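Labels below follow one simple rule: chain letters A, B, ... track the order of the sequence lines, proteins then strands, and each chain is numbered from 1. Basis for what follows: all heavy atoms, side chains included, without hydrogens, waters or symmetry-related copies. Small disclaimer: the values here were computed from a predicted structure and weren't measured.
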Amino acid sequence: MSKLFAAEVVSNTQVAPGVFKLVMCEAELARLARPGQFLNIRVSAGTAPLLRRPISVHWVEGDNLTIIFQVVGQGTQLLAQVQSGGRLDVQGPLGHGFNTQTSGQAILVGGGMGLAPLGLLAQTLHRQGRTTLCLAGGRTAELVQASGGSSLAGLGLPVHYATDDGSLGLNGLVTELLLRELPREAVIYACGPQPMLREVAKLAQEHGIPCQVSLEEHMGCGVGACLGCMCKTAMPQGKEYYQRVCTEGPVFDAAEVVWQ
Amino acid sequence: MSKLFAAEVVSNTQVAPGVFKLVMCEAELARLARPGQFLNIRVSAGTAPLLRRPISVHWVEGDNLTIIFQVVGQGTQLLAQVQSGGRLDVQGPLGHGFNTQTSGQAILVGGGMGLAPLGLLAQTLHRQGRTTLCLAGGRTAELVQASGGSSLAGLGLPVHYATDDGSLGLNGLVTELLLRELPREAVIYACGPQPMLREVAKLAQEHGIPCQVSLEEHMGCGVGACLGCMCKTAMPQGKEYYQRVCTEGPVFDAAEVVWQ
Amino acid sequence: MSKTMSEINLRVNLGGIELSNPVTTCSGTYGFGAEYAAYVDPSELGGIVVKGVTREIRPGNPMPRLAETPSGMLNSIGLQNPGIDAFIADYLPQIRALETKVLVNISGNNEEDYAFVARRLSEAGGIAGIEVNISCPNVKCGGIQFGTDPVMAAQVTRAVRDNTQLPVIVKLSPNVTDITAVARAVVEAGADAVSLINTLLGMAIDIQRVRPVLANVMGGLSGPAIKPVAVRMVWQVAQAVPVPVLGMGGILTAEDAIEFMLAGATAVGLGTANFVNPAAPREVVQGIAAYCQARGIDDVNKLIGAAWK
Amino acid sequence: MSKTMSEINLRVNLGGIELSNPVTTCSGTYGFGAEYAAYVDPSELGGIVVKGVTREIRPGNPMPRLAETPSGMLNSIGLQNPGIDAFIADYLPQIRALETKVLVNISGNNEEDYAFVARRLSEAGGIAGIEVNISCPNVKCGGIQFGTDPVMAAQVTRAVRDNTQLPVIVKLSPNVTDITAVARAVVEAGADAVSLINTLLGMAIDIQRVRPVLANVMGGLSGPAIKPVAVRMVWQVAQAVPVPVLGMGGILTAEDAIEFMLAGATAVGLGTANFVNPAAPREVVQGIAAYCQARGIDDVNKLIGAAWK
Ligand SMILES: Cc1cc2nc3c(=O)[nH]c(=O)nc-3n(C[C@H](O)[C@H](O)[C@H](O)COP(=O)(O)OP(=O)(O)OC[C@H]3O[C@@H](n4cnc5c(N)ncnc54)[C@H](O)[C@@H]3O)c2cc1C
Ligand SMILES: Cc1cc2nc3c(=O)[nH]c(=O)nc-3n(C[C@H](O)[C@H](O)[C@H](O)COP(=O)(O)OP(=O)(O)OC[C@H]3O[C@@H](n4cnc5c(N)ncnc54)[C@H](O)[C@@H]3O)c2cc1C
Ligand SMILES: Cc1cc2nc3c(=O)[nH]c(=O)nc-3n(C[C@H](O)[C@H](O)[C@H](O)COP(=O)(O)O)c2cc1C
Ligand SMILES: Cc1cc2nc3c(=O)[nH]c(=O)nc-3n(C[C@H](O)[C@H](O)[C@H](O)COP(=O)(O)O)c2cc1C
Ligand code: FES
Ligand code: FES
């Protein structure tokens, strides 16, 4: 059950160039949020930018929720200017998150800002005592750590890194790290840019491993009312149909997704 | 010659409920500004609110300019949130201000936020060594002082007050104060709400005293290009025509104005 | 004499539909009524208008379907819907259970489609009225063509009118030279009320990809950006036709809603506002009541057209 | 191969008028060219279009003439201008001195008025072209009626065409069902180019006074709010007629301007943007050049219609 909250902003700090970590305090929201769910945040009291911005829940600790976001446009720029002590108009938690009622080792694969939602997932799996391996990719060491890598490592989970500039771990793609781990009895949880997800889905399929992917799409309502955020999916019989990223997603079974 | 400035905000403080005093540092602007002129301030980096807000120059000291404004809508609300240390997108100085090349005693009549532009006028007259009397009206003592009254008094000029609630000076209208001073050889400078200005203009005319009034009108461009801010004026021969508040005004000879 | 809020009559009659207050939600922005129930109880609303339904199932347009614009948004959903049979079987039961007046928005490729859907809905029962969308800019055939030609608009209206006893509200397109001509035509053809405005036809181009942002190229512009156009058209139409107007287009706050009522709207619709502030419909109901109270107005009907009456 | 900024050709030809770059300023928002000279030197602009001029002196509409709206504004200036004689005597000399291409925007009550003003301007000389406003929503007679009817639009165009050797640009109204029909009609009647869009007809109501905000009731909506409608119409018209399009409506930044060029505009006009950011015209020129440079484009003409070509 999602709601509207005027969440208190505990802190909002730049953790890497253009990447911010915002902690808000809102007990009910913290209690409700599940891994892979997102918040729909109003970034302006006025009419421009008009729409809310969807941002994943990165971390929950007591009454506090953390989000990590990258400044890419006007909305995230305004979000970066939010002062601690203020209130944030937050709608959530929204969406169908990761299914953690799975078995076998969990392999978390995150690329760039896609690392952010893996934080709460790792927290949950860790609490469940699940064997979890994290594969974290990004442009630079600093960005990988800021986008959520350091949170994963902080839980004491094994984390393998891949960076574009080789500043941390493998000088290459996170999918190369994944390939090294396969085949294996496991379940893959992935979030990141489309090309990465497509590749992860392909590897999972080739090795017959279940795989959940968290997708992004521009959103109108965030609650399933506008049909603006569709993802083309296929049933086993091959018939294609649209599902709502905000409601049936953002996490989908990778095998269902019709990749563009 | 008006220009665009990214003026440094020195301070922005609430001086009475809903009234703010903002000090900015911009040497060239401070040097150019004349009494009765205004600044056109961009209050949002985005598209809403879209238009700049015209605000009078209240005070100039060295490289610093002060404005005093009341929060009445979305634009002034955003202006109230401007933090010291930041930059303000300011266009100015604009408009045809008060003519101080007059003779006789100067009587400054201000009502409410209309006191603000009288500050720089008083500074200028004071520097000229002109005999100046200030009549300051408003709702309460606190508002009158915050809107500019205290600046006038700070120059050591005689100030008579009138408040709606009697908390300072006369319990009544500033025009009643003016009436007490008439007839007299003087020049009147007035700024305030329309009904007050109309009454001041009437008194001035009845007593044959020259009178300059500063008007307000919603503005598009502030530089005379859009013809949106007109004031109906009459030539001595009686023919009526529109003049631009932003260019031929905001200060007009009261005798020219066709009061609505 | 100022009234307490509870003494103010908020009921309005929209072409035969008694609404408990003048606030409704717009088709296509409120799903099938349940999606926003967590934020505002449907019983607090005058009514809701559900997503456009067609005779056959429609997959909708390819993605992307949305783009944000200054104080507005573009959509090209393309009337994705399960078709009238699935709608009646799978959605209508829940919709009937809602404690508010529900209007169903219908579209079609031709008069027969509209007639068919209207008849099926009437037979199925349990709804308060039909909103006839002759103005959807996002589908190739049907939709907007009907809305831009008074003759065709009247034909579609008559086809629906002849196939239902339910109140018929025809939803007008703003993408016309003279909206009053279309309004008059549909009223003569039997519309009990008109609703306006649907979205303005617009588009955006992605300058990095050098291609339109929306897969469907053009889409419908909604949100506060279009409010001045919507208020103008409500003002024009309310003075041109003898039936009530359901006004919409950019309403975000109670002040906006009051503007529409003063322009001549009997009731108002909130669309894009729901995305921005899911609590908006409730806030608008309360704000309208507060406005009446502050001005000593005992009946919200006194606002209707007050700016020109 | 990436080009340096100075190697990029920014010159465009707008119906026979050679502009040094594609950026112009819109009629009614830039006065007579001198008002903004302190911010951007006119020589930096491709051209400027001065305020609408009519045969006789016009006092303009009563106040208030302006209202702000979400990401936009309404104006009802009502073509206040000194009349063609005073314009030629008092303003044209200064205008001729500007080091940029100057177009004069003209309006009238009937074909004869348009013809008269066009002839006088041609005889006076010193301007680059005439922009024919058949779309002003703020005057009772003339103006918008011409713009909403292809036949009348063509008649006015022909009247101007027959009375001047100067390039004729006809400015289209967006308040029509099919803007391409009007565009085709004026091109057939001899327009060398078309400009679009003029303002959308809108209004606002003051809920405290319970009266329209503008004394003239309705006004023209401009600014970023209307950009999606403007881009859509430029896209449609540029593909429908063989003459260049001067695109305008809500352009604030270089990105906006590029959107219009990719949609098919040969040049762009900045109107309301000047009020918001007087440095905008310069920033847009620079931004267009930077965009070309970043993409290795050596000629700005390659942007024109690139999103559909
Ligand atoms: C379910 C979900 C979870 C997300 N979680 C995160 C996160 O944890 N951290 C993070 O940094 N980003 C996240 N994003 C992406 C984030 O929503 C966008 O970066 C943000 O909306 C950009 O807004 P803007 O105004 O800064 O950019 P602009 O590009 O100016 O935005 C313009 C419009 O496009 C939309 N938009 C732009 N990019 C995206 C995108 N990638 N996805 C959806 N809408 C977009 C905006 O919401 C807005 O309506 C998530 C997106 C989704 C759908
Ligand atoms: C020459 C001049 C000097 C001014 N000096 C001062 C001053 O020193 N201190 C001060 O507090 N106020 C001053 N004002 C008034 C000030 O401009 C308005 O209060 C302000 O624009 C309101 O903006 P808003 O967004 O808060 O209100 P809103 O009502 O939300 O504004 C909506 C629109 O109306 C315009 N508007 C609203 N009220 C006025 C008004 N009174 N005059 C002009 N435009 C208005 C706004 O600029 C905006 O475009 C001055 C006005 C003018 C014309
Ligand atoms: C995402 C979306 C989907 C829409 N779908 C429909 C529809 O199916 N039928 C219809 O008549 N109008 C539809 N509309 C138009 C709205 O009902 C409404 O007329 C329009 O959005 C203007 O109101 P607003 O500015 O408050 O959103 C849709 C609008 C949006 C934003
Ligand atoms: C204050 C104002 C006055 C205008 N006057 C005229 C005019 O005299 N003639 C004309 O053809 N267009 C006039 N216009 C329309 C503009 O030239 C332009 O077409 C429109 O504003 C859209 O562009 P924009 O959104 O960049 O402002 C005027 C617009 C404004 C805002
Ligand atoms: S964002 Fe509206 S349905 Fe998903
Ligand atoms: S505000 Fe544009 S002419 Fe005065």
Tell me, for [X] versus chain A, whether the close heavy atoms (under 4.5 Å) come from the side chain, the backbone, both or neither.
| X | answer |
| --- | --- |
| C:T69 | neither |
| C:Y39 | side chain |
| C:F32 | neither |

Quick one: which residues of [range] reach chain C at under 4.5 angstrom, heavy atoms only?
| range | answer |
| --- | --- |
| residues 74-96 of chain A | A:Q91, A:L94 |
| residues 40-48 of chain A | A:R42, A:T47, A:A48 |
| residues 242-257 of chain A | A:Y242, A:R244 |

Minimum-distance pair of heavy atoms, taken over all atoms of [X] and [Y]:
| X | Y | result |
| --- | --- | --- |
| C:L103 | C:I130 | CD2-N, 4.2 Å |
| C:A67 | C:V213 | CB-CG1, 3.7 Å |
| C:T24 | C:L246 | OG1-CD1, 3.6 Å |

Choice from C:A34, C:G33, C:S71 maximising heavy atom contacts with chain A below 4.5 Å:
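Option with the top pair count is C:S71.
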
In terms of heavy-atom pairs under 4.5 Å with chain A, which of C:G31, C:P62, C:P278 leads?
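Counting heavy-atom pairs under 4.5 Å, the top option is C:P278.
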
Would you call A:I68 and A:W59 a side-chain contact if the rule is heavy atoms closer than 4.5 Å?
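Contact flag for A:I68/A:W59 side chains = no.
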
Charged N to carboxylate O under 4.0 angstrom, A:R53 versus C:E68?
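Salt bridge present between A:R53 and C:E68.
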
How would you list all residue pairs meeting salt bridge (charged side-chain N to carboxylate O under 4.0 Å, His left out) that involve residues 215-232 of chain C, not counting sequence neighbours?
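Passing the test, one end in residues 215-232 of chain C: C:K227-C:D256, C:K227-C:E259.
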
Using non-hydrogen atoms only, which part of A:C231 is less than 4.5 Å away from chain C: side chain, backbone, both, or neither?
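Contact with chain C: none, neither part.
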
